[in-house]
Amino acid sequence: MNRTIEFLSRPYADEVMNRFVSYAKIDTQSNRHAEETPTTKGQWDLAHTLERELREMSVPHVELDDRCYLIARLPASPGKEQAPCIGLMAHMDTASDVSGSGVKPRIIRDYDGKAVQLSEQYILDPAEFPDLAEHVDDTIIVTDGSTLLGADDKAGVAEIMTAIAWLIKHPELEHGPIDIYFTPDEETGKGMDHFPLQKARAVACYTLDGGKAPEIEAECFNAYAVKAEFFGKVIHIGAARGKLANAVAMAASFIGMLPRSESPEATDSWYGYYCPIEVSGTIDHAWTEVYLRDFSSDRMQERIAALKAFAAAVEVQFPGGQVKLAITQQYLNMKQKLDAQPAVLEKLERAIKTAGFEPVMKPIRGGTDGSRLTEMGIPTPNLFTGGYNYHSRFEWASVSEMALAVETIINLVLIWAE
C-alpha cells in the first residue's frame, strides 16, 4: 500500500490538518527587536486559543502564565501513575523573514506532482524543490505566495494537540503523565529565557519542530550572537583627509572579512558558518549583528577569536575609530547530554519504527527550544513535523507526514508507559 495514502486514511489526518489550518491563520510573527516576552501581541491569540481547546478537552491542569508560556498536564491512565512523565513541546511564534500576517493556507488534495502556481509571481516547482516529487497523491498545504505558511511550528502545535485529543478519546490507550509545553518567541532565540522550569515535571521531552519525516534531530549547532559596534571619528567630509574614521565603512570592512566559503549559503551538513544578520548606522556610529554557528565547541572558540582579529584589523585600517564586540551565547549542542541518556532516543526510534518507518538521524543546522531545555536538564531531541521550506513564501506541509507525526507521538507515550 502507498504509505502516503495509508497515513491519509488515519482517522486523525483530517483533524491535524484542520487544526493546523486554523492555527496558521493566526498572526503570531515574533519580533527580534522587542524586549518584552512575548515580543508580539498576536502570540497571545494563539495561546488563548490553545488554552481554551485544552480546557474543552477536559485536560485538568492548564496554565497560561504572564509571559505567554502555556503548560498543561494530562494525568496518567489509571494504574500508570508511576510511569515517567514525558513532555511534548512546540513554539507558537513564526519567523519574521517573510510576512506572517494574513496567512491564507491552501489545501491541495491528491497532489499530482506538477508545479503549483501560488500567485502570479510565485511558483512552487518540484524542479526547484525536489521533496515535492515524493508527495504525489498526498494532501499538501501551501501558501498564496504573499506570506510564509507557519508550519514552523504550528504543524508541531497541531500534532501535539491532535495526539492529546486522541488519547483522551481513547482511554484504552494507557499512558503515563504527559506534560505539554507551548512557548513564545523561539524564532528570536529567546524562547526559553523565561520558561518556568520549576513547573515542568518531564524527565524527558520531545520537540515537534523538525521538517521531513521520519527525521530525528539529536544534535545541533553551538550558537553565539556577536554584536559589533563601530565608533567613528567625525569631521566634515570636505576636510576629512587624515582625520575621518567612517563607522559605516568600518562596518562594511568588518563584514567583508567574513569568509564567504563559511556562510550559510556555502555550507551544509556538519560545517559551521558566520552570518551577518543585520547592519545599520551612520558615519559616527554603526553596528552589525553576526550569528556564529558550529557543531564543535573548539571550532566555535576559533570563530570568536577570528571576529576579535577582524575587529582589531578594522581599527588599524581606520585610525581613531573603535570597535567593540558583545558576545552572547544562545544555545549549545545538545548531543553530549542526549548521548548520556540513550533511552530517550531509543524510545523515539521505536515509536517511528512501530509506525512502519525507519528513523533518519540528522543534525539540526539551527536550534530549538529543546536545545535550551536540554541544557536546563531535561533531555529533548527534536522530531519531524512534515513541514518544508521553512521561513519562506514557498513553505508547504504534507498532511500524510503530519498524520505520521501524530501516530509517532501516540506510540511514544505508550512506549514510555510500558
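Nothing here was measured: the structure is a model prediction, and the numbers come from that model. In this chain, residues are counted from 1 in sequence order.
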Exercise. Any donor-acceptor pair under 3.5 Å linking the side chain of Asn246 with the backbone of Val248?
Worked result: yes
For this session: Keeping the roles fixed (side chain from Thr143, backbone from Leu148), state whether a donor-acceptor pair exists under 3.5 Å.
Result: no
Exercise. Do Glu401 and Lys212 sit within salt-bridge range, that is, some charged N less than 4.0 Å from a carboxylate O?
Worked result: no
Exercise. What is the minimum heavy-atom distance between Ala311 and Phe254, and which atoms define it?
Worked result: N-CE1, 3.8 Å
Exercise. So, Ser400 versus Ser398: side-chain donor-acceptor pair below 3.5 Å or not?
Worked result: yes
Exercise. Is any side-chain heavy atom of Ile178 closer than 4.5 Å to a side-chain heavy atom of His175?
Worked result: yes
Exercise. Between Ser392 and Glu395, does any side-chain donor sit less than 3.5 Å from a side-chain acceptor?
Worked result: no
Exercise. Under 3.5 Å, side chain of Arg201 to main-chain N/O of Gln198, donor-acceptor pair present?
Worked result: yes
For this session: Would you check if the distance from the ring center of Tyr69 to the ring center of Phe182 is below 6.0 Å?
Result: no
Problem set entry | Cationic tip of Arg10 above Tyr12 ring, under 6.0 Å, 45° of axis | no
Exercise. Side chains of Tyr291 and Glu278: donor-acceptor distance under 3.5 Å anywhere?
Worked result: no
Exercise. Does a side-chain N-to-carboxylate-O contact under 4.0 Å join Asp179 and Arg73?
Worked result: yes
Exercise. Any side-chain heavy atom of Ile108 sitting closer than 4.5 Å to one from Asp138?
Worked result: no
Exercise. Are side-chain heavy atoms of Phe384 and Ile352 found at a separation under 4.5 Å?
Worked result: yes
Problem set entry | Where at least one partner belongs to residues 214-224, residue pairs that pass side-chain hydrogen bond (donor to acceptor under 3.5 Å, both in side chains), sequence neighbours excluded | Glu217-Lys362, Glu217-Asn382, Glu219-Trp270, Tyr224-Gln329
For this session: Can you label the angle between the Trp396 ring and the His135 ring as parallel, tilted or perpendicular, going by 30° and 60°?
Result: perpendicular
For this session: Among residues two or more places apart or on two chains, list those pairs meeting side-chain hydrogen bond (donor to acceptor under 3.5 Å, both in side chains) that have a residue in residues 111-123.
Result: none
For this session: Determine whether more than 12 heavy atoms belonging to other residues, nucleotides or ligands lie under 6.0 Å from atom CZ of Phe129.
Result: yes
Exercise. Hey, is Lys324 close enough to Glu315 for a salt bridge, meaning N to O under 4.0 Å?
Worked result: no
Exercise. Does a salt bridge link Arg67 with Glu36, judged by any charged N lying under 4.0 Å from a carboxylate O?
Worked result: no
Exercise. With distance as the sole test, does Asp209 use its side chain to make a donor-acceptor pair with the main-chain N or O of Asp153 at under 3.5 Å?
Worked result: no
For this session: Report yes or no: does Thr162 contribute a side-chain atom to a donor-acceptor pair with the main-chain N or O of Glu159 at less than 3.5 Å?
Result: no
For this session: Quick one: sort the Phe221 and Tyr273 rings into parallel, tilted or perpendicular, breaks at 30° and 60°.
Result: perpendicular
For this session: Search all heavy atoms of Ile71 against all heavy atoms of Pro196 and return the closest pair with its distance.
Result: CD1-CG, 3.5 Å
For this session: State, to 0.1 Å, how close Thr374 and Thr380 come at their nearest heavy-atom pair, and which atoms those are.
Result: OG1-N, 3.0 Å
Exercise. Hey, would you say the Phe357 and Phe7 ring centroids sit under 6.0 Å apart?
Worked result: yes
Problem set entry | Under 3.5 Å: donor-acceptor pair, side chain of Ser371, backbone of Gly367 | no
Exercise. With a 4.5 Å limit on heavy-atom distance, are the side chains of Val116 and Ile123 in contact?
Worked result: no
Exercise. Donor-acceptor pair, Lys154 side chain versus Tyr23 backbone, under 3.5 Å?
Worked result: yes
Problem set entry | Electrostatic pair Asp185-Arg32, nearest N-O below 4.0 angstrom | no
Exercise. Are Glu346 and Arg350 close enough for a salt bridge, meaning some N to O gap below 4.0 Å?
Worked result: no
Exercise. ring-ring contact (aromatic ring centres under 6.0 Å, His included) with His194: which residues, sequence neighbours excluded?
Worked result: none
Problem set entry | Flag if over 12 foreign heavy atoms under 6.0 Å of CD1, Ile168 | yes
For this session: Examine distances only and state if a side-chain atom of Thr40 and a backbone atom of Asn31 form a donor-acceptor pair shorter than 3.5 Å.
Result: no
Exercise. Is the shortest side-chain N to carboxylate O distance from Arg303 to Asp294 below 4.0 Å?
Worked result: yes
Problem set entry | Candidate pair Arg260 and Glu265, rule side chain to side chain contact (heavy atoms under 4.5 Å, CB included), full reasoning | CA-CA 9 Å; Arg260 291 286 303 129; Glu265 60 270 33; 2.8 Å; yes
For this session: Grab the two heavy atoms, one from Cys205 and one from Pro381, that are nearest each other, plus how far apart they are.
Result: O-CD, 3.3 Å
Problem set entry | Stepwise side chain to side chain contact (heavy atoms under 4.5 Å, CB included) check, Met89 with Thr368 | CA-CA 10 Å; Met89 183 162 65; Thr368 68; over 6 Å; no
Exercise. Cut-off 3.5 Å, side chains only: do Arg365 and Thr267 have a donor facing an acceptor?
Worked result: yes
Exercise. Under 3.5 Å, side chain of Glu375 to main-chain N/O of Leu332, donor-acceptor pair present?
Worked result: yes
Problem set entry | ring-ring contact (aromatic ring centres under 6.0 Å, His included) between Tyr388 and Phe394, worked out | CA-CA 8 Å; Tyr388 292 80; Phe394 300 102; over 10 Å; no
Exercise. Do Asp93 and Gln29 get their side chains close enough for a donor-acceptor pair, meaning under 3.5 Å?
Worked result: no
For this session: Test side chain to side chain contact (heavy atoms under 4.5 Å, CB included) on Met361 and Glu349 and set out the steps.
Result: CA-CA 9 Å; Met361 301 294 297; Glu349 291 172 354; 3.9 Å; yes
For this session: Search all heavy atoms of Phe230 against all heavy atoms of Ala228 and return the closest pair with its distance.
Result: CE1-O, 3.4 Å
Exercise. If only atom types and distance count, is the side chain of Ser253 paired as donor or acceptor with the main-chain N or O of Met250 below 3.5 Å?
Worked result: no
Seminar exercise, completed: Between Thr354 and Ile415 the two heavy atoms that sit nearest each other are OG1-CD1, 4.4 Å
